[in-house]
Amino acid sequence: MICVPITAITTAGALQEIQQAEEVADILELRIDYLADPDLAKLLAARKKPLIATNRKTDEGGKFPGTEAERLKLLEEAARLGAEYIDLEWSCGQEVIQRFKELTREGKSRIICSWHNFQETPQDLDQIYSSIKSTGADIIKIVTQATSINDNLRIFDLIAKAQADGQEIIALCMGPCGEISRILAPLLGAYLTFGSLRPGKESAPGQIEARTLRQVYRIGELKETDFRLYGLVGNPVSQSQGIYIHNRAFQHLQLDSLYVNFLVEDLASFMRDFKGYLCGLSVTMPYKQKIMDYLSEVDPIARRIGAVNTIVKRKNKLIGYNTDIIGAVQAIEAVTGIAEKRVVLLGAGGVARAIAYGIARQGGKLTILNRTPSRAQTLARELFCRSGGLEEIQDLEADILINGTSVGMAPQSDEMPVPASVLRPGMVVFDTVYHPATTRLLEEARARGCLTVSGVDMFLRQAAAQFALWTGFEAPVEVMRSALKW
Ligand SMILES: NC(=O)c1ccc[n+]([C@@H]2O[C@H](COP(=O)([O-])OP(=O)(O)OC[C@H]3O[C@@H](n4cnc5c(N)ncnc54)[C@H](OP(=O)(O)O)[C@@H]3O)[C@@H](O)[C@H]2O)c1
């Protein structure tokens with residue numbers, strides 16, 4: 001279930017938010033502590049969905065400015081008005097919790113006993129869980145700050161423990177490293193997850209928009225506990241488009257699979273502790289090389305390129321591949337053949353290496369030009385082709401020109417790796433840069449009668465190849481394209 005916090009600062013604003021939130025929420029959380037003029041009778045009468053009444057103290061991350069007695073009085077009023085859930089912090093003490101239990105026994109409200117740690121995910125979670133459980137609250141809520149992605153695993157263990165005890169629990173991690181818990185907790189058996197009404201309306205750090213939880217991550221639709229988990233490992237990962245395209249493809253093919261972003265700082269501990277949960281991974285900077293140390297096998301071409309961007313788990317073994325090579329070749333071949341064509345590749349970094357191997361494999365006559373010519377030379381020696389500095393483009397005839405440098409990438413999107421004068425009608429120009437989708441190089445190339453291939457095409461095709469490796473199904477490329485947020 002998805003719970004949307006109502007965080008307006010006036011009753012009038014909260015009434016509006018309740019109406020909007022009900023389109024996407026299963027449950028509402030009325031944050032009484034945000035309200036300057038809480039008219040609880042009006043607010044509770046207006047809602048159609050079940051409601052949690054929360055009046056958070058400041059030392060538990062809330063905003064309530066009054067005394068403890070005033071704070072509890074508002075919660076009592078909410079209970080009398082029929083709020084389905086009353087959130088009481090464990091720090092209120094047993095006496096207060098007991099008083100509310102008696103009060104709510106007369107009505108319909110259930111008690112959520114909550115505990116927050118905004119600094120860390122402490123080691124003694126089991127002890128905290130047992131102490132809260134002993135209060136006899138209906139639902140236990142434990143929320144911690146994730147300082148590493150592995151903290152989420154302790155929250156997942158806690159959910160499993162509660163399930164074994166037949167105890168309802170809300171458990172998740174806050175912060176960027178805790179984002180995955182907000183997606184995975186309800187799928188692993190937690191009572192609910194929180195989702196914001198819209199960006200800017202988060203009631204806690206790392207809260208994901210409720211619409212994204214429902215539409216991208218399919219919370220409420222995916223089968224709980226029985227799903228296959230994939231994701232992107234990297235740092236940073238927040239700009240990734242993988243969550244949109246892979247999840248849309250899973251949905252299109254009705255697969256009980258999910259793709260999330262893993263923001264990883266310590267690759268060794270991530271690979272050790274998450275392996276059991278994973279069915280496959282995409283890999284991005286800065287781990288495309290380092291990840292090979294944690295794999296049982298690496299595909300020979302990925303080994304030669306020196307980079308893995310895809311991992312598949314088969315028979316509990318992690319196997320590494322490079323699908324950038326397929327993505328680039330397929331994107332070009334959708335426009336022109338490569339064999340015997342004169343191909344000039346600009347760049348000698350990670351993406352250029354994969355493309356160079358792809359061009360050589362398809363029989364293209366390759367020349368590699370790079371700002372630092374020695375790097376181009378090293379790559380050219382591996383592939384027995386020519387190399388030079390970027391300025392040598394002026395003396396070359398190319399059928400296919402590929403930009404494998406980062407020149408032209410936002411925010412420097414008015415830059416070009418080579419002057420427009422080298423672009424001739426009929427030439428195929430491929431820019432691997434995908435942000436922006438149409439770079440200045442591609443604009444100039446189109447204006448001069450060249451055929452163009454965009455980095456978005458390569459990105460989609462490398463993702464489609466990943467999808468096929470993971471699932472065994474042909475990827476619905478056009479469905480994936482329609483899910484892009486660029
Ligand atoms: N479409 C896709 O699916 C896809 C996939 C991956 C990457 N990409 C894009 O490919 C581009 C390169 O990524 P990468 O991973 O290969 O990066 P990388 O390993 O850091 O390599 C960067 C390359 O760009 C060159 N370069 C950087 N700044 C330059 C400048 N001001 N003038 C001339 N050359 C310059 C570097 O030359 P030096 O050797 O002289 O430093 C190097 O050849 C990025 O824009 C990335 O977004 C696209």
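The residues of the chain are indexed from 1 along the displayed sequence.
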Partner set under side chain to side chain contact (heavy atoms under 4.5 Å, CB included) for Asp266, not counting sequence neighbours:
Ala268, Ser269
How long is the straight-line distance from OG of Ser387 back to CD of Gln377, given to the nearest 0.5 Å?
5.0 Å
Taken to the nearest 0.5 Å, the spacing of Glu168 CD from Gln163 CD works out to 10.5 Å
Under 4.5 Å between any side-chain heavy atoms of Ile132 and Ile142, yes or no?
yes
Show your reasoning for whether side-chain contact (heavy atoms from CB on, under 4.5 Å) applies to Thr121 and Cys173.
CA-CA 8 Å; Thr121 303; Cys173 286; 4.0 Å; yes
Is the side chain of Asn152 donor-acceptor paired with the backbone N or O of Ile149 at a distance under 3.5 Å, no angle test?
yes
For the pair Gln167 (side chain) and Asp138 (backbone), establish whether a donor and an acceptor sit closer than 3.5 Å, ignoring hydrogens and angles.
yes
Tyr85-Thr54 side chain donor-acceptor pair, cut-off 3.5 Å
no
Between Glu202 (side chain) and Gly200 (backbone), is there a donor-acceptor pair under 3.5 Å?
yes
Whether Ser454 side chain and Asp457 backbone form a donor-acceptor pair below 3.5 Å
yes
Show the nearest heavy-atom pair for residues Arg353 and Leu379, with the distance to one decimal.
NH1-CD1, 3.6 Å
Restricting to non-hydrogen atoms, name the atom on Ser181 and the atom on Gly178 that form the minimum distance, rounded to 0.1 Å.
OG-O, 2.7 Å
Would you call Asp157 and Arg154 a salt bridge, taking side-chain N to carboxylate O under 4.0 Å as the test?
no
Looking at Glu120, I'd like to know if its CD atom is crowded, meaning that more than 12 non-hydrogen atoms belonging to other residues, nucleotides or ligands lie closer than 6.0 Å.
yes
Given His116 and Gln145, is the side-chain contact (heavy atoms from CB on, under 4.5 Å) satisfied, shown in steps?
CA-CA 8 Å; His116 303 85; Gln145 178 76 19; over 6 Å; no
When you measure from the side chain of Arg47 to the backbone N and O of Leu30, does any donor-acceptor pair fall under 3.5 Å?
no
Between Gln330 and Gln462, is there a side-chain donor-acceptor contact under 3.5 Å, judged purely by atom types and distance?
no
Please check if any side-chain donor atom of Glu209 sits under 3.5 Å from a side-chain acceptor atom of Ser196, or the reverse.
no
Donor-acceptor list for residues 471-478 side chains, cut-off 3.5 Å, not counting sequence neighbours:
{"residue": "Thr471", "atom": "OG1", "partner": "Phe467", "partner atom": "O", "Å": "2.8"}
{"residue": "Thr471", "atom": "OG1", "partner": "Phe473", "partner atom": "N", "Å": "3.0"}
{"residue": "Glu478", "atom": "OE1", "partner": "Arg481", "partner atom": "NE", "Å": "3.0"}

Could you tell me if the side chain of Arg272 sits less than 4.5 Å from the side chain of Phe270, heavy atoms only?
no
Please determine whether the number of non-hydrogen atoms from other residues, nucleotides or ligands lying under 6.0 Å from atom CD of Glu382 exceeds 12.
yes
Any side-chain to backbone donor/acceptor pair from Thr439 onto Leu442? Under 3.5 Å, distance only.
yes
Could you tell me if Gln466 and His246 have a donor-acceptor pair between their side chains, going purely by distance under 3.5 Å?
yes
Could you state the interatomic distance from CG (Asn309) to CE (Met285), rounded to the nearest 0.5 Å?
12.0 Å
Decide side chain to side chain donor-acceptor pair (under 3.5 Å) for Arg31 and Thr7; before the verdict, give the C-alpha distance in whole Å, the side-chain angles of both, and the deciding distance to 0.1 Å.
CA-CA 6 Å; Arg31 288 295 300 258; Thr7 58; over 6 Å; no
For Val298 against Ala302, the heavy-atom pair lying closest together:
CG1-CB, 3.9 Å
Check residues 397-409 and write down every donor-acceptor pair under 3.5 Å in which the side-chain atom is one partner and the other belongs to a residue at least two apart or another chain.
{"residue": "Asp399", "atom": "OD1", "partner": "Arg342", "partner atom": "NH2", "Å": "2.8"}
{"residue": "Asp399", "atom": "OD2", "partner": "Arg342", "partner atom": "N", "Å": "2.7"}
{"residue": "Asp399", "atom": "OD2", "partner": "Arg342", "partner atom": "NE", "Å": "3.1"}
{"residue": "Asn403", "atom": "OD1", "partner": "Thr405", "partner atom": "N", "Å": "3.0"}
{"residue": "Asn403", "atom": "OD1", "partner": "Thr405", "partner atom": "OG1", "Å": "2.7"}
{"residue": "Asn403", "atom": "ND2", "partner": "Val407", "partner atom": "O", "Å": "3.2"}
{"residue": "Asn403", "atom": "ND2", "partner": "Asp431", "partner atom": "OD1", "Å": "2.9"}
{"residue": "Thr405", "atom": "OG1", "partner": "Val407", "partner atom": "N", "Å": "3.1"}

Check for a donor-acceptor pair, side chain of Glu22 on one end and backbone N or O of Lys48 on the other, with a separation under 3.5 Å.
yes
At what distance, to the nearest 0.5 angstrom, does CZ of Arg461 lie from OG1 of Thr323?
13.0 Å
Checking side-chain polar atoms at under 3.5 Å, does Tyr294 have a donor or acceptor matched by the opposite partner on Tyr287?
no
Closest non-hydrogen atom pair, Ile183 against Ile219:
O-CD1, 3.3 Å
Smallest separation among heavy atoms of Leu295 and Gly320, with atom names:
CD1-CA, 3.7 Å
Do Glu179 and Gln207 get their side chains close enough for a donor-acceptor pair, meaning under 3.5 Å?
no
Can you check side-chain contact (heavy atoms from CB on, under 4.5 Å) on Ile359 and Leu345, steps first, answer last?
CA-CA 9 Å; Ile359 298 295; Leu345 169 64; 5.9 Å; no
Checking Lys288 side chain against Asn322 main chain: does a donor-acceptor pair fall under 3.5 Å?
no
Answer whether the closest heavy-atom distance between the side chains of Ile311 and Trp470 falls below 4.5 Å.
no
I'd like to know if the side chain of Arg182 and the backbone of Thr193 have a donor-acceptor N/O pair within less than 3.5 Å.
no
Where the side chain of Asp26 meets the backbone of Ile2, is there a donor-acceptor pair that is under 3.5 Å apart?
yes
Will you find, in the side chains of Thr144 and Asn117, an N or O donor that is under 3.5 Å from an N or O acceptor?
no
Look at the aromatic rings of Phe274 and Tyr277 and report parallel, tilted or perpendicular, splitting at 30° and 60°.
tilted
Interatomic distance, Ile393 atom CD1 to Leu346 atom CG [nearest 0.5 angstrom]
5.5 Å
With respect to Leu263, which candidate in Val233, Leu232, Asn235 satisfies the side-chain contact (heavy atoms from CB on, under 4.5 Å) definition?
Asn235
Do Ile180 and Asn261 make a side-chain contact, defined as non-hydrogen atoms from C-beta onward lying under 4.5 Å apart?
no
Does Val237 reach the side chain of Phe262, with side-chain heavy atoms less than 4.5 Å apart?
no
Taking all non-hydrogen atoms of both residues into account, name the closest pair between Ile169 and Ile159 and its distance.
CG2-CA, 4.2 Å
Nearest 0.5 Å, what's the OH-CZ distance between Tyr434 and Phe459?
5.5 Å
Should the heavy atoms of other residues, nucleotides or ligands under 6.0 Å from CZ of Arg448 be counted, would the total exceed 12?
yes
Worked verdict on Ile368 versus Arg386 for side-chain contact (heavy atoms from CB on, under 4.5 Å)
CA-CA 6 Å; Ile368 303 166; Arg386 286 181 295 165; over 6 Å; no
Applying the ring pair (Phe, Tyr, Trp, His ring centres under 6.0 Å) criterion to Phe250, which one of Phe227, Tyr230, Tyr259 satisfies it?
Tyr230
Counting C-beta onward and ignoring hydrogens, is there a side-chain heavy-atom pair between Gln20 and Arg198 closer than 4.5 Å?
yes
Taking side chain as C-beta onward, heavy atoms only, is Leu441 less than 4.5 Å from Leu423?
yes
Would you check if Asp299 and Ile319 make a side-chain contact, meaning some heavy-atom pair closer than 4.5 Å?
no
